[in-house]
Amino acid sequence: MCGIVAYAGPRPAAEVLIDGLKRLEYRGYDSAGIAVVVEGGPVSCVKSAGKVNALERLLRENTPELMEAAGCGIAHTRWATHGEPSDVNAHPHSDEKGKFYIVHNGIIDNYQTLRKRLAEQGCVFRSSTDSEVIAHLIARFYQGDLPRAVAAAVRQLSGTYGIAVVSPLHPGMIVAARKGSPLVIGLGEKENIAASDLAAILPSTRNVMYLNDGDLAVMTADSVEVRNFENMPIERETTRVEWSADAAEKGNYPHFMLKEIFEQPETVENAIRGRIDHEMKSALLSGLNLTPRELAEIGRIVIAGCGSSMHAGLVGEYFFEDLAGIPTEVEQAAEFRYRNPIIEPRTLVIPISQSGETADTIAAVREATAKGALVAALCNVVGSTVAREAGRGVYLHAGPEISVASTKAFTSQVTVLLLLALLFGRNRRMDRTDGARLIAEIEALPDMIRKVLEQVPEIERIAKRYAHCNDFFFIGRGPLYPAALEGALKLKEISYIHAEGYHAAELKHGPIALLDPAHPVVALANNIPGRDKMLGNIQECRARKAPVIALVTEGDAEAEALAGDVIRIPECSRYAAALPTVAALQLLAYYIAAERGCEIDQPRNLAKSVTVE
Ligand code: F6R
């Protein structure tokens with residue numbers, strides 16, 4: 001939520017910042033702004049409600065010279081929390097004299113107390129944001145040393161923040177600080193870039209330094225020094241990122257979401273590559289760093305995540321219980337954190353997060369760690385907070401996921417959960433034959449998804465037929481129940497259609513009252529255990545004249561005959577079924593949203609990476 005970029009180097013800062021904001025726009029897109037300090041000149045600060053394009057237009061039309069000026073600067077794309085999206089509430093914010101400009105990602109919990117105190121001291125506030133207090137605090141503490149003033153200011157804050165600060169009193173210097181919101185610094189050739197995530201950095205460099213909570217970085221074109229908030233120097237290691245900048249480009253696809261859906265055969269393959277132990281008929285997941293004895297001692301698994309990541313966890317629950325016999329629960333990460341979870345010495349907590357920066361999931365990791373749990377994270381973003389704080393886990397290797405709606409991360413998460421279940425299962429009650437069978441299924445996953453993607457013309461046709469409907473039900477059983485939840489989530493978030501995911505058995509306990517010809521039901525009726533009951537549920541829906549779109553196993557004529565519209569899923573076991581099924585549901589949601597002319601990659605009110613509670 002909210003994207004920050006800061007640049008120090010010889011290139012025109014505004015160009016680099018605007019390019020960075022475009023790449024971070026999926027983090028928030030209701031307003032944007034930049035502040036550039038040109039040596040010897042004043043600070044130029046331009047802000048605008050709306051998307052980064054609106055800001056860019058403003059800059060090119062009104063201040064073309066700024067686009068060419070060398071200097072250093074900070075920029076921000078906003079997802080509003082305090083104060084409506086407007087020019088005034090857009091970042092950067094400054095003190096009254098325009099000496100200190102800040103951009104902020106996060107929430108300052110004590111801003112009202114600080115604001116009151118500063119107002120009593122004569123500060124005049126212009127915006128309704130929580131962030132503006134930071135600029136005024138820095139001005140109050142400044143005595144000639146910008147890093148010290150920033151450190152003194154952040155010591156007053158409670159809440160979460162990633163900030164970047166510039167001042168005309170220190171041209172060429174950027175001070176950044178983090179607590180609870182991500183910040184990474186790209187180390188280039190005679191230039192450095194700080195940003196909320198890698199997407200803004202990769203076009204310039206792949207050498208990066210991740211800041212930890214409590215770090216303050218002083219950055220110029222030639223140097224980056226990291227200190228703590230007490231001004232003591234800290235060493236942070238430099239790592240090289242595998243992702244290329246191209247991976248975060250749309251290529252020939254109209255939307256990132258479609259590109260990412262089509263990447264899935266490859267991303268699932270990447271999640272599997274090098275992780276199958278053919279000799280032992282098991283999985284090799286070295287990032288777990290657990291001995292066979294430690295594995296065997298796990299008595300219970302608790303999975304924590306939000307949104308699609310939680311849905312992936314719900315699929316994983318079936319795997320762990322069924323294949324490994326380990327009692328497993330899935331908790332919404334916020335619920336986990338606040339309900340005082342029971343953690344026994346043999347509990348393994350698995351936080352799942354694409355971004356690794358979701359506030360509630362980070363908090364769940366901290367709660368689990370504090371209670372002495374073994375924590376192993378499933379993350380996509382290498383070096384993210386969840387990954388680092390868990391200390392052990394499995395990376396998804398799905399490449400950057402830019403579309404706000406998660407697609408390839410979900411299928412990679414489910415794939416990795418299946419690999420974990422293979423490992424846990426073989427460590428316990430699964431024999432070699434069953435291990436080999438499961439491996440064959442895991443290795444067939446990319447092709448299964450490929451076959452679903454071949455059905456685009458049919459799925460597009462179905463999408464067009466139903467795009468006018470305003471309410472949908474998605475129903476499933478077993479591991480396809482969380483797949484139904486995921487299908488409904490995909491549809492509602494990108495098309496704004498009301499969609500609900502239900503266990504098919506729940507239909508009769510209330511929701512069936514809503515069924516009528518205007519309520520299509522998407523029924524996940526693959527030929528896995530529960531299919532016969534699902535066919536009964538389809539009949540019940542048809543009897544209420546609700547149109548049924550059924551996802552059925554290829555060749556299942558009986559199921560096909562019952563449904564109005566059919567999407568065919570390759571024959572597979574109940575362990576594999578969620579992956580090709582969800583790929584089909586992603587396409588259905590995508591084409592319905594496209595038909596309705598929605599802004600698919602940047603749905604209203606949403607942002608990728610929910611870094612506030
Ligand atoms: C849905 C979606 C969200 C995320 C959720 C968790 O399409 O993208 O529901 O899955 O915000 O995000 P991560 O996985 O980054 O923790």
Side-chain angles (χ1 to χ4, degrees), residues 1-3 26-28 79 180-182 196-199 255-258 260-261 264 267 303-316 330-337 350-365 377-390 393-396 398-414 416-417 474 482-483 485-497 499 501 582-583 585-590 593 598-613:
M1 298 202 138
C2 298
Y26 61 94
R27 299 182 67 93
W79 185 86
S181 301
S196 312
D197 71 49
L198 293 171
H255 297 101
F256 277 109
M257 183 175 177
L258 193 62
E260 288 160 8
I261 291 173
Q264 290 178 110
T267 49
I303 299 175
C306 303
S308 296
S309 293
M310 179 182 68
H311 294 161
L314 288 166
V315 182
V330 182
E331 292 259 23
Q332 209 288 342
E335 192 60 20
F336 176 89
R337 152 195 207 179
I350 305 184
I352 305 184
S353 175
Q354 185 285 129
S355 62
E357 301 296 349
T358 298
D360 284 321
T361 313
I362 294 172
V365 172
L378 263 58
C379 289
N380 191 34
V381 177
V382 176
S384 58
T385 307
V386 169
R388 283 183 295 148
E389 294 204 8
V394 187
Y395 279 119
L396 306 180
E401 190 179 67
I402 307 290
S403 167
V404 165
S406 186
T407 53
K408 60 178 179 174
F410 174 88
T411 43
S412 295
Q413 286 162 347
V414 174
V416 169
L417 286 164
F474 286 69
L485 299 179
E486 179 61 8
L489 177 62
K490 285 293 88 86
L491 184 63
K492 76 182 98 177
E493 69 183 321
I494 61 166
S495 72
Y496 317 139
I497 291 174
V582 167
L585 298 179
Q586 294 164 351
L587 284 171
L588 185 66
Y590 174 85
C598 298
E599 286 221 43
I600 292 178
D601 283 335
Q602 295 174 350
R604 70 181 180 211
N605 303 341
L606 289 174
K608 191 102 182 143
S609 192
V610 182
T611 54
V612 295
E613 277 187 61

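Every number for a ligand or one of its atoms is a count from 1 in the order of the listing.
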Do any N/O atoms on [X] end up under 3.5 angstrom from N/O atoms on ligand 1?
X: Leu489; result: no
X: Ser353; result: yes
X: Gln413; result: no

Ligand 1 contact by Glu357, heavy-atom criterion under 4.0 angstrom: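 No; Glu357 lies far enough from ligand 1 that no heavy-atom distance drops under 4.0 Å.
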Contact with ligand 1 for Leu606, non-hydrogen, under 4.0 angstrom: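 Per 4.0 Å heavy-atom rule, Leu606 does not contact ligand 1.
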Is there a side-chain contact between [X] and [Y] in this structure, where contact means two heavy atoms from C-beta onward sitting under 4.5 Å apart?
X: Cys306; Y: Thr361; value: yes
X: Val315; Y: Val582; value: no
X: Val386; Y: Thr358; value: no
X: Ile352; Y: Met310; value: no

Ile402, Thr407, Val404 screened by side-chain contact (heavy atoms from CB on, under 4.5 Å) with Phe256, the one that passes: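 Result for side-chain contact (heavy atoms from CB on, under 4.5 Å) with Phe256: Ile402.
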At what distance, to the nearest 0.5 angstrom, does [atom1] of [X] lie from [atom2] of [Y]?
X: Glu260; Y: Thr267; atom1: CD; atom2: OG1; value: 9.0 Å
X: Arg604; Y: Ile494; atom1: CZ; atom2: CD1; value: 12.5 Å
X: Leu585; Y: Ile261; atom1: CG; atom2: CD1; value: 10.5 Å

Test item: side-chain donor near acceptor, Ser308 and Glu486, under 3.5 Å: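 Yes, a side-chain donor-acceptor pair sits under 3.5 Å.
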Residue pair Asp197 / Tyr26, side-chain donor-acceptor N/O under 3.5 Å: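 Indeed, the side chains of Asp197 and Tyr26 share at least one donor-acceptor pair under 3.5 Å.
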Under 4.0 Å to a heavy atom of [X] - the qualifying atoms of ligand 1, by number:
X: Glu493; value: 1 (C), 7 (O)
X: Ser355; value: 13 (P), 15 (O), 16 (O)
X: Ala405; value: 7 (O)
X: Ser309; value: 10 (O), 13 (P), 14 (O)

Among all protein non-hydrogen atoms, which one is nearest to [atom], and what is the separation to 0.1 Å?
atom: atom 8 (O) of ligand 1; value: Val404 O, 3.2 Å
atom: atom 11 (O) of ligand 1; value: Val610 CG2, 4.0 Å
atom: atom 6 (C) of ligand 1; value: Cys306 O, 3.3 Å

Heavy-atom proximity to atom 12 (O) of ligand 1, best of Thr407, Ile494, Thr358: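 Minimum heavy-atom distance to atom 12 (O) of ligand 1 goes to Thr358.
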Selected option - heavy-atom contact closest to atom 3 (C) of ligand 1, from Pro351, Ser308, Ala359: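 Going through Pro351, Ser308, Ala359 one by one, Ser308 has the nearest heavy atom to atom 3 (C) of ligand 1.
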Part of Lys490 with heavy atoms under 4.0 Å of ligand 1, whether side chain, backbone, both or neither: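 For Lys490, only side-chain atoms sit under 4.0 Å from ligand 1.
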